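A quick write-up on the structure given underneath.
Predicted model only: the values in this text are computed from it and were never measured. Read the numbers this way: they start at 1 and go in the same order the structure lists the ligands and their atoms.
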Amino acid sequence: MKPLLDITDVSLSYHSLSGETPALSHISFQLMPGEFLAIVGPSGCGKSTLLNLICGLLRPEQGQILLDGTPVTSGDCRIGYMLQKDNLFEWRSIYKNVMLGLEINNKKTPENIAYVNHLLEQYDLAEFKSARPSQLSGGMRQRAALIRTLALKPDILLLDEPFSALDYQTRLEVREDICNILRSEKKTVILVTHDISEAIAMTDRVLILTSRPAKLLKTINIESRDTLSSQKYFDEIREVLK
Ligand code: ADP
Ligand code: MG
């Protein structure tokens, strides 16, 4: 099987008047279709920079990023991006919010509309179509944001600390919800998080980055999620991050 995402020897520095800030150094990894990957690393190490490169918002100074064999471009519809803030618009109903991506990209085909309606049904938001975002719980809002992203049928989803704005209890529920949705929609996912247990609970493989400029320090395959193994992975990752 060919990798969906192929990252080879990518480096990037930010340049400003005050000088150069190296952010990423010689990063290489591959992602297979359907795989869930977590990226963990100290705050400010370059995780968001890496996602911005993968989605084409930034270009690597060195190295190459291929999605399904071709370079990504800014605004590439093959990539869905979800951030910490759900960015739902209060002046639009939930239905109009989840339709937004299709609207902007001129993709409101009957087939795509049916798919969004199916997702709303499937993930318990159908009866909230005409509600405003503020009428929904944090978890429901995050589900709505995910459906808006899935509407464009991206090949790969990038999640940048998507749950860190939620309180602890909600975060546990939402991450399970979102994980189930992504697995049943058979998505390929990269989750950036500084929450080690979240990485272990949600993904198949954890990449650990060094502090800035980020280098790949270690990869850990999550083979089992029972309590004992999870604790073992947790200790191992924490030890590496020290
Ligand atoms: P993380 O997501 O891991 O917290 P980022 O990728 O956001 O880290 O940032 C990595 C480093 O690059 C940080 O030190 C940050 O200050 C710096 N940085 C991020 N964006 C810019 C920018 N546009 N210009 C200059 N430096 C930046
Ligand atoms: Mg970040």
Side-chain angles (χ1 to χ4, degrees), residues 5 7-29 31 36-65 67 71-76 79-88 138 141-142 145-146 149 154 156-168 170-171 174-175 178-179 182 188-203 205-220 233-234 236-242:
L5 180 70
I7 299 189
T8 316
D9 198 29
V10 163
S11 299
L12 180 114
S13 298
Y14 289 107
H15 300 274
S16 67
L17 287 175
S18 53
E20 187 187 17
T21 311
L24 298 174
S25 171
H26 303 287
I27 304 273
S28 299
F29 66 90
L31 190 66
F36 271 45
L37 179 80
I39 297 178
V40 301
S43 171
C45 78
K47 302 182 294 298
S48 299
T49 302
L50 183 56
L51 291 190
N52 286 335
L53 282 164
I54 294 172
C55 74
L57 280 173
L58 292 173
R59 296 176 135 270
E61 284 182 317
Q62 188 199 320
Q64 169 175 274
I65 299 180
L67 182 64
V72 289
T73 51
S74 171
D76 202 314
I79 298 166
Y81 207 157
M82 229 176 104
L83 304 164
Q84 180 179 353
K85 277 195 66 197
D86 56 46
N87 289 315
L88 297 172
R141 293 172 62 115
Q142 212 56 339
L146 179 63
T149 309
I156 181 167
L157 265 132
L158 311 178
L159 311 180
D160 196 354
E161 316 227 17
F163 314 123
S164 49
L166 304 170
D167 65 79
Y168 181 71
T170 312
R171 197 157 80 214
V174 175
R175 84 180 185 203
I178 299 283
C179 199
L182 292 172
T188 309
V189 177
I190 299 182
L191 167 76
V192 158
T193 178
H194 57 243
D195 183 334
I196 302 175
S197 2
E198 188 170 288
I200 297 167
M202 289 186 70
T203 69
R205 187 156 57 109
V206 182
L207 302 188
I208 308 173
L209 301 181
T210 63
S211 50
R212 193 180 65 74
K215 289 180 281 298
L216 190 53
L217 197 59
K218 190 164 185 174
T219 301
I220 291 180
Y233 293 131
F234 186 92
E236 191 177 350
I237 296 171
R238 207 175 44 178
E239 193 53 42
V240 173
L241 277 173
K242 261 186 196 163

Any protein heavy atom at under 4.0 Å, with atom 15 (C) of ligand 1 as the reference point?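 Protein heavy atoms within 4.0 Å of atom 15 (C) of ligand 1 - there are none.
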Under 3.5 Å, N or O to N or O, is [X] touching ligand 1 that way?
X: Ala23; result: no
X: Lys47; result: yes
X: Thr49; result: yes

Sole residue of Leu207, Leu157, Leu5 in side chain to side chain contact (heavy atoms under 4.5 Å, CB included) with Ile190: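 Testing each of Leu207, Leu157, Leu5 against Ile190, the sole residue satisfying side chain to side chain contact (heavy atoms under 4.5 Å, CB included) is Leu5.
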Quick check on side chain to side chain contact (heavy atoms under 4.5 Å, CB included): which of His26, Glu61, Lys215 does Ser11 satisfy it with?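 The passing option is His26.
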Taking only heavy atoms of Ser48, which atoms of ligand 1 are found under 4.0 Å from at least one of them?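 In order of number, 1 (P), 2 (O), 6 (O), 7 (O).
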Which ligand 1 atoms does Arg212 reach within 4.0 Å, using its non-hydrogen atoms?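 Counting from 1, the qualifying ligand atoms are 11 (C), 13 (C), 14 (O).
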Heavy atoms, side chains only, cut-off 4.5 Å: are Leu182 and Leu159 in contact?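 Contact flag for Leu182/Leu159 side chains = yes.
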Is the closest side-chain heavy-atom distance between Phe29 and Thr219 below 4.5 Å?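 Side-chain contact under 4.5 Å: no.
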Could you find the nearest protein heavy atom to atom 27 (C) of ligand 1 and give me its residue, atom name and distance?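 Closest protein heavy atom to atom 27 (C) of ligand 1: Tyr14 CD1, 3.3 Å.
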Contact with ligand 1 for Gly44, non-hydrogen, under 4.0 angstrom: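 Within the 4.0 Å threshold, so yes.
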Please determine whether any non-hydrogen atom of Gly46 lies less than 4.0 Å from an atom of ligand 1.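 Gly46 counts as a contact of ligand 1 under the 4.0 Å cut-off.
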Atom pairs and distances, donor-acceptor, side-chain atoms in residues 40-49, under 3.5 Å, two or more places apart:
from  : atom 1 : to     : atom 2 : distance (Å)
Lys47 : NZ     : Gly41  : O      : 3.1
Lys47 : NZ     : Pro42  : O      : 3.0
Ser48 : OG     : Asp160 : OD2    : 2.7
Thr49 : OG1    : Tyr14  : OH     : 2.8

Which residues pass the salt bridge (Lys or Arg N to Asp or Glu O under 4.0 Å) test with Arg212, sequence neighbours left out?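 Once residues adjacent in sequence are excluded, Arg212 has no partner under the salt bridge (Lys or Arg N to Asp or Glu O under 4.0 Å) criterion.
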Listed by chain and number, what are the salt bridge (Lys or Arg N to Asp or Glu O under 4.0 Å) partners of Lys85, not counting sequence neighbours?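 Result, salt bridge (Lys or Arg N to Asp or Glu O under 4.0 Å) vs Lys85: none returned.
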Looking only at atom types and distance, does a side-chain atom of Gln142 sit under 3.5 Å from a main-chain N or O of Phe163, one as donor and one as acceptor?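 No: the side chain of Gln142 does not pair with the backbone of Phe163.
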Pull up every protein N/O/S atom sitting under 2.8 Å from the Mg ion (ligand 2), skipping waters.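 For the Mg ion (ligand 2), the protein N, O and S atoms that sit under 2.8 Å away are Ser48 OG.
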